[in-house]
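A quick write-up on the structure given underneath.
Just so it is clear, the model here is predicted, and its values are computed rather than measured.
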Amino acid sequence: MNSSNFCRRAIIVASVLAVLPMQIAPTFAQKVPLSSNQVAALQSVESALSAGKLRASSQRAARLYLESGLELRVQRTQNALTTEVANVETSLAMLKKVTMKGDKEKRDLKRALDSLTEQWGELKPVLTSKYRTDKTQPVYDISEQMYIYASKITFLFEDVNNSEAGYMIDVAGRLQSTSERIAKAAIHGVTSGKSGSAVDFITWKKEYLEAYRELVGSPLNDESQTRNLELGGVMWGIFDNIITRAITKSDISQVIDISKCADGMWEIAQSSRTAYVVALKRSGSDKMIVRNNGKPS
């Protein structure tokens, strides 16, 4: 089976896996009453999910914009880009309604949101306009700034949640956004000929593999999540090979396979994140493991 066909099949499998945890979640909500601490944790998780979505969608939107210049999948790319722009808008609006308890947390959240609002004010008009070659570098650079500030917000909520499930939700989100950053760097590198993107790919590859190892090692993984991560591991090997070949040979023909694999890896990470949200909703200390010094205890 060639890499392109595998990516297409993996997208279908990952999409099915992403639905299954969502079918389970209402069962726990109906049968097990939540404690006040769990209710507070879930509210914090909702905010963390908005921050994670903003972080990931900003990267995917940038990747799709860069891809749109090649006119490979015109309608599909435009539809997906429109969706991700809307996701950033919605997430940013939701985060502006969040209230943190501590003064420092309030200041940190406000500073990050102010920066994100300013950056999005520059990026959105470009993303929603016709593709221009001279805008590719600004799109790349501004999306990177948005990644940094959105990550600061996810870290804020990670500290508040202080649970294994809450932490793994952020790791899964980091995996999702990092795969998009990698695809973005590869596409920008082969279309612009700039070597800096290849350096970014090497750096973010390490970040991706670190996050993946953390997901694999989580005590919250059930059989379904384990299978999902096994599929993700296989898909990463294909993704890595395609991107390495594309960057080494400046092969623009690889962009379509890069994007297809990125789509599949997006779904796999989304499925993982959903599984950990379900874990957080379950009552019982086995699913609300407190983290001490960065490790579950």
Nearest heavy atoms of Gly264 and Met235, plus distance in Å: CA-CE, 3.6 Å
Donor-acceptor pair, Thr83 side chain versus Asn79 backbone, under 3.5 Å? yes
Do Gln270 and Met265 touch side chain to side chain, with heavy atoms closer than 4.5 Å? no
Side-chain heavy atoms nearer than 4.5 Å, only ILVMFWY residues, links allowed to pass through others: does that put Met146 and Ile148 together? no
The test is side chain to side chain contact (heavy atoms under 4.5 Å, CB included); show your working for Asn228 and Ser272 and say whether it passes. CA-CA 7 Å; Asn228 181 50; Ser272 295; 3.0 Å; yes
Any carboxylate oxygen within less than 4.0 angstrom of a Lys/Arg side-chain nitrogen, looking at Arg107 and Asp103? no
Those residues that, when tested against Arg60, pass side chain to side chain donor-acceptor pair (under 3.5 Å) (two or more places apart): Glu84, Asp263
Set of side-chain contact (heavy atoms from CB on, under 4.5 Å) partners for Ser192, sequence neighbours left out: His188, Lys194
By side chain to side chain donor-acceptor pair (under 3.5 Å) - contacts of Thr203 (at least two apart): none
Would a hydrophobic clustering, with Ile, Leu, Val, Met, Phe, Trp and Tyr connected at side-chain separations under 4.5 Å, put Tyr208 with Met168? yes
With sequence neighbours left out, what residues match Ser151 under side-chain contact (heavy atoms from CB on, under 4.5 Å)? Arg55, Tyr147, Thr154, Phe155
So, the side chain of Ser177 versus the backbone of Arg174: is there a donor-acceptor pair under 3.5 Å, distance only? yes
Exam field: side chain Asn221 to backbone Val216, donor-acceptor pair closer than 3.5 Å: yes
Trace of the side chain to side chain contact (heavy atoms under 4.5 Å, CB included) decision for Leu156 with Leu109: CA-CA 8 Å; Leu156 278 176; Leu109 178 61; 4.1 Å; yes
I'd like to know if the side chain of Ser91 and the backbone of Val88 have a donor-acceptor N/O pair within less than 3.5 Å. no
Close side-chain approach of Ser115 to Lys152, heavy-atom, < 4.5 Å: no
Kindly give the heavy-atom pair with the smallest separation between Gln119 and Ile142, and that separation in Å. O-CG2, 3.5 Å
Please round to the nearest 0.5 Å and tell me the distance separating atom CD of Glu144 and atom OG of Ser58. 8.5 Å
Side chain to side chain, Asp200 and Trp204, heavy atoms closer than 4.5 Å: yes
Is there a side-chain contact between Ser47 and Ile153 (heavy atoms, below 4.5 Å)? no
Nearest 0.5 Å please: distance from the OG1 atom of Thr82 over to the CG atom of Asn87. 11.0 Å
Count I, L, V, M, F, W, Y as connected when their side-chain heavy atoms are under 4.5 Å apart, and connections chain through other members. Are Tyr131 and Val85 then in the same cluster? yes
Is Leu64 close to Gln78 at the side-chain level, that is, under 4.5 Å between some pair of heavy atoms? no
Gly232 versus Ile268, closest heavy-atom pair with distance: CA-CD1, 3.7 Å
Please find the pair of heavy atoms, one from Gln254 and one from Ile242, that lie closest to each other, and give the distance. OE1-CG2, 3.6 Å
Could you verify whether a donor N or O on one side chain and an acceptor N or O on the other, from Lys96 and Thr117, lie under 3.5 Å apart? yes
Is it the case that the side chain of Gln176 and the backbone of Ala56 share a donor-acceptor pair, with hydrogens and angles ignored and the cut-off at 3.5 Å? no
Side chain to side chain, Thr178 and Tyr212, heavy atoms closer than 4.5 Å: no
Scanning both residues in full, the closest heavy-atom pair of Ala172 with Ala269 reads O-CB, 3.8 Å
For the student: nearest non-hydrogen atoms of Ile169 and Tyr276, plus distance: CG1-CB, 3.7 Å
In terms of hydrophobic clusters joined by side-chain contacts under 4.5 Å, are Leu72 and Trp266 together? no
Who passes ring pair (Phe, Tyr, Trp, His ring centres under 6.0 Å) against Phe201, sequence neighbours left out? none
Nearest 0.5 Å please: distance from the NZ atom of Lys135 over to the OH atom of Tyr65. 8.0 Å
How many angstroms lie between OG in Ser68 and CZ in Arg76, if you round to the nearest 0.5 Å? 13.0 Å
Kindly compute the distance separating CD (Glu89) from CG (Leu54), expressed to the nearest 0.5 Å. 9.5 Å
Enumerate the salt bridge (Lys or Arg N to Asp or Glu O under 4.0 Å) contacts for residues 230-244, please, sequence neighbours excluded, ordered by first and then second residue. Lys205-Asp240
Counting distance only, does the side-chain N/O of Ser271 pair as donor-acceptor with the main-chain N or O of Glu267 below 3.5 Å? no
Taking it one step at a time, do Ile243 and Ile258 satisfy side chain to side chain contact (heavy atoms under 4.5 Å, CB included)? CA-CA 7 Å; Ile243 290 180; Ile258 290 172; 4.0 Å; yes
Just by modelled atom types, is the Glu214 backbone N or O under 3.5 Å from a matching donor or acceptor in the Ser218 side chain? no
Within the side chain of Gln59, is there an N or O that forms a donor-acceptor pair under 3.5 Å with the backbone of Ser143? yes
Please tell me if the side chains of Phe157 and Leu49 come closer than 4.5 Å, counting only heavy atoms from C-beta onward. no
A side-chain contact here means heavy atoms from C-beta on lying under 4.5 Å apart; do Leu92 and Leu113 qualify? yes
Distance, nearest 0.5 Å, that separates NZ of Lys110 from CG of Leu95: 14.5 Å
Test side chain to side chain contact (heavy atoms under 4.5 Å, CB included) applied to Asp222 and Thr226, step by step: CA-CA 6 Å; Asp222 57 14; Thr226 299; 5.8 Å; no
I'd like to know if Lys206 and Glu210 make a salt bridge, using a cut-off of under 4.0 Å between side-chain N and carboxylate O. no
Under a 4.0 Å threshold between the charged nitrogen and the carboxylate oxygen, would Arg227 count as salt-bridged to Glu223? yes
